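Predicted model only: the values in this text are computed from it and were never measured.
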Amino acid sequence: MALHHFHGAATRVRLGDTAFGLRAEHLLTEIIAAWAPGGEVAPHLAWAERTSEALAPLALPGGYPNLLAPTETERVRLAYGANWARLRRAKRHYDPRDLLTAVPTLPPSEHPE
């Protein structure tokens, strides 16, 4: 597990000044499962899932956008918080053909809000 302390100047940036929707001081926990090439995968994935489930009640909404999968639209929306609507408008304006598809993704322009 890796812990990242989000604090200091980053918590003093106004919410509307950036896309990131979580400006409160917090700890980001990365749960990283690894195994030797050719090794058994299942126990490591199970550990990661159990750890994630155990921490879930303590988690803030969403997650860190760069660590979310493109399919986790609802968590991405929660991660951007109050900035979500503004980011969706910007995506529709600047990327109407959905050429920009990097993670963290905003859903394609035609995706429902």
Once you round to the nearest 0.5 Å, how far does [atom1] of [X] lie from [atom2] of [Y]?
| X | Y | atom1 | atom2 | result |
| --- | --- | --- | --- | --- |
| Arg88 | Asn83 | CZ | CG | 14.0 Å |
| Glu53 | Leu55 | CD | CG | 10.5 Å |
| Lys91 | Arg86 | NZ | CZ | 15.5 Å |
| Asn66 | Phe20 | CG | CZ | 9.0 Å |

To check you understand the geometry: which heavy-atom pair defines the closest contact between [X] and [Y], and what is its length?
| X | Y | result |
| --- | --- | --- |
| Ala82 | Leu15 | CB-CD2, 4.0 Å |
| Thr29 | Met1 | CG2-CE, 3.2 Å |
| Ala79 | Gly63 | CB-O, 3.0 Å |
| Asp17 | Val13 | CB-CG1, 4.0 Å |
| His7 | His5 | ND1-O, 3.0 Å |

- Non-neighbouring partners of Ser52 that pass side chain to side chain donor-acceptor pair (under 3.5 Å), sequence neighbours left out: none

- Any chance you could lay out the side-chain contact (heavy atoms from CB on, under 4.5 Å) test for Leu27 and Phe6, step after step, and finish with the verdict? CA-CA 6 Å; Leu27 291 173; Phe6 187 87; over 6 Å; no

- Message: Please tell me whether Leu78 and Tyr80 are part of a single hydrophobic cluster in this structure, the criterion being side-chain heavy atoms less than 4.5 Å apart.
- Response: no

- Query: When hydrophobic residues are tied together by side-chain contacts of less than 4.5 Å, even through go-betweens, does Leu68 share a cluster with Leu87?
  - Reply: yes

- Task: Kindly state each residue pair satisfying side chain to side chain donor-acceptor pair (under 3.5 Å) with at least one member in residues 38-50, sequence neighbours excluded.
- Result: Trp47-Thr51

- Query: Is there a side-chain contact (heavy atoms from CB on, under 4.5 Å) between Leu28 and Leu67 once you walk through the steps?
  - Reply: CA-CA 10 Å; Leu28 167 71; Leu67 300 176; 4.0 Å; yes

- Query: Is a donor on one side and an acceptor on the other found under 3.5 Å between the side chain of Arg77 and the backbone of Trp84?
  - Reply: no

- Message: Set out, in order, the CA-CA distance, both residues' side-chain angles and the distance that settles side-chain contact (heavy atoms from CB on, under 4.5 Å) for His26 and Thr11, then state yes or no.
- Response: CA-CA 9 Å; His26 64 277; Thr11 64; over 6 Å; no

- Item | Check against side-chain contact (heavy atoms from CB on, under 4.5 Å), Tyr64 and Glu30 | CA-CA 10 Å; Tyr64 188 70; Glu30 284 186 83; over 6 Å; no

